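Fair warning: this is a prediction, and the values are worked out from it, not measured in the lab. Throughout, protein chains are lettered first and strands after them, A, B, ... in sequence-line order, and every chain is numbered starting at 1.
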Amino acid sequence: MPHYISVILDDERYAKIKGTPLEEKITYLFGGQLKSLVVEVPEEKSEQILKTFDKARIDSRGYIEDVPVAFRRAVFEEIAKAKSLDVIDKVLERLPEIQEAAKKEDEYIPPPEIE
Amino acid sequence: MPLIKTPPPHGGKLVDRVVKKREIAEKMIAGCPTFELKPTTLPDGTPIRHVYREIMSICYGFFSPVEGSMVQNELERVLNERRLLSEWIFPYPILFDVSEEDYKALDVKEGDRLLLMLKGQPFATIDIEEIYRIDPTDVATRTFGTPEKNPEVVREPFNEKHPGYMIYKMHNPVIIAGKYTIVNEPKFKEPFDRFWFPPAKCREVIKNEKKWRTVIAHQTRNVPHVGHEMLMKAAAFTGDIEPCHGILVNAIIGAKRRGDYPDEAILEGHEAVNKYGYIKPERHMVTFTLWDMRYGNPIESLLHGVIRQNMGCTHHMFGRDHAAVGEYYDMYATQILWGEGIPSFGFEAPPNEVDYGLKIMPQNMAEFWYCPICQEIAYSESCGHTDAKQKFSGSFLRGMVAEGVFPPRVVMRPEVYKAIVKWWKVYNYPFVNRKYLDMKNKELEIDLPAMEVPKA
């Protein structure tokens with residue numbers, strides 16, 4: 001059974017895919033207030049993700065959650081580059097680099113600049 | 001239907017073991033041997049419990065009628081039947097544990113009074129009634145149950161991944177039993193000070209300031225998303241001839257598992273719900289209890305019942321996976337306990353229907369989700385569009401927060417998110433991590449006034 005990764009689109013990310021075929025694949029949640037792209041992850045690859053990141057887990061919706069921010073960022077970067085949702089192999093190729101970045105996340109995640 | 005009134009404290013009387021007069025306290029501690037309180041830690045040194053929190057919750061009456069560290073017969077009774085020697089129900093072992101080395105160095109015996117120091121200052125005493133030894137792993141296992149002995153609700157054997165199991169497993173083997181008395185009243189730091197309503201004070205506020213006759217308690221270890229807010233609003237429709245007058249949020253403050261939110265953000269996040277009118281402050285109040293959460297689902301829900309009845313609540317809402325982590329218990333274990341009882345844990349009937357049980361009334365709730373067809377936040381037992389549901393997943397929200405995405409207000413109120421970011425900027429991290437646990441263990445939620453220990 002496949003699992004899923006949801007990539008939230010804030011304004012900045014949305015601007016990067018606007019006008020591409022990906023726009024049609026946006027899932028609108030909570031009355032359209034939240035946009036996301038959903039990447040399907042075959043079971044053996046989701047197992048690899050769970051093994052790599054000890055906090056990662058499958059939630060009750062079948063989504064892979066509690067993965068490092070660096071992982072989600074990489075998923076979006078690959079989506080934006082390929083203009084496709086078929087990116088999981090590319091992301092997995094970057095695992096060593098993502099793991100390195102994730103180590104730092106145990107200590108520090110930069111807070112957003114909001115008022 | 002008779003109108004519901006504030007229930008009596010569990011056990012009939014609120015425990016108050018705080019000495020407020022300095023001269024009495026000084027007489028009590030003169031010449032006592034002293035012991036600086038230490039945290040319980042994991043093998044890698046991560047602090048997971050500080051017994052000072054239990055001493056506070058006992059002496060200020062949150063755990064009434066418990067008055068101290070349990071004697072061996074009482075420990076056995078709690079583990080076997082979830083009852084104190086006085087018959088009143090109580091869920092958890094409450095123990096003052098020291099290592100063999102510390103015990104040797106202390107050189108105390110039954111009948112002695114030991115002065116417990118905190119942050120280098122006198123804090124509380126324990127009047128020693130009994131000294132005995134435990135097997136911490138056995139206590140840990142029996143506290144939470146096993147699939148063999150508690151097949152109604154335990155689904156997996158507890159192990160080292162469960163934070164509550166580890167708290168008991170890492171207890172020291174020597175137990176000093178006896179009543180605690182606080183002799184030097186701590187001062188809470190900000191923001192904890194404005195949410196500190198020990199049971200006697202809370203009951204007074206409910207009766208005289210809020211003028212609530214019925215109050216429903218909301219347990220939290222989380223920053224509230226809109227699903228939590230809807231749970232509070234909908235559960236509060238229970239009551240008697242009218243919905244509950246008040247909603248009392250009681251946050252559990254103490255060491256938590258990594259990935260939970262910092263305590264300060266939890267309190268200020270809930271405060272934002274009433275401060276910005278999502279539930280008006282006339283109907284909503286935020287408080288806390290000091291306790292290093294055991295994540296014991298049905299067992300923890302019993303403690304929540306005890307605490308909130310002592311605080312003056314008439315009802316308690318219980319959701320799915322109440323105070324749970326992982327899949328050790330059935331996701332409805334708490335609702336099973338409060339709906340029909342769990343015989344293997346000593347409850348042939350719900351805890352509010354047994355002798356010496358609780359008076360607080362349960363309100364078991366299912367879940368809330370966003371329904372794009374109803375175009376509203378819907379209750380799972382009402383909404384027929386199950387396939388279209390959009391769930392409020394806590395981990396989904398944590399992911400959004402970590403990425404720095406401002407959540408839409410239908411998911412999390414902007415003011416609640418700002419409370420998260422405020423404390424994120426303080427700790428450079430939005431969630432509990434090792435650094436936060438170490439800092440919290442060192443600083444604690446309180447400071448103690450300077451106090452001399454007079455010679456005998």
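Listed options B/Gln375, B/Lys391, B/Glu376 were ranked by heavy-atom pairs under 4.5 angstrom with chain A; first place goes to B/Lys391. Ranked by heavy-atom pairs under 4.5 Å with chain A, the list B/Asn428, B/Val226, B/Val421, B/Asn433 is led by B/Asn428. Here A/Ile8 is the residue among A/Asp11, A/Leu9, A/Ile8 with the most heavy-atom pairs under 4.5 Å with chain B. When each of A/Arg61, A/Lys55, A/Arg57, A/Arg13 is scored by its heavy-atom pairs under 4.5 Å with chain B, the top score falls to A/Arg61.
For B/Tyr379, the OH atom counts as densely surrounded, since its 6.0 Å shell holds more than 12 non-hydrogen atoms of other residues, nucleotides or ligands. Within a 6.0 Å sphere centred on CD of A/Gln99, heavy atoms belonging to other residues, nucleotides or ligands number more than 12.
Near-neighbour residues of residues 15-41 of chain A relative to chain B, defined by a heavy atom under 4.5 Å from a heavy atom of that chain, comprise A/Tyr28, A/Leu29, A/Phe30, A/Gly31, A/Gln33, A/Leu34. Among residues 396-417 of chain B, the residues having any heavy atom closer than 4.5 Å to a heavy atom of chain A are, in sequence order, B/Phe396, B/Arg398, B/Gly399, B/Met400, B/Ala402, B/Glu403, B/Gly404, B/Val405, B/Phe406, B/Pro408, B/Arg409, B/Val410, B/Val411, B/Tyr417. Interface residues of residues 103-112 of chain A toward chain B, defined by a heavy-atom distance below 4.5 Å and sorted by number: A/Glu105, A/Asp106, A/Glu107, A/Tyr108, A/Ile109, A/Pro110, A/Pro111, A/Pro112. Residues of residues 67-96 of chain A that come within less than 4.5 angstrom of chain B, heavy atom to heavy atom, are A/Val69, A/Arg72, A/Arg73 in numerical order.
Heavy atoms of B/Ser393 lying under 4.5 Å from chain A belong exclusively to its side chain. B/Pro372 does not touch chain A: none of its heavy atoms, backbone or side chain, sits under 4.5 Å away.
Between B/Arg258 atom CZ and A/Asp66 atom CG the span is 14.0 Å, to the nearest 0.5 Å.
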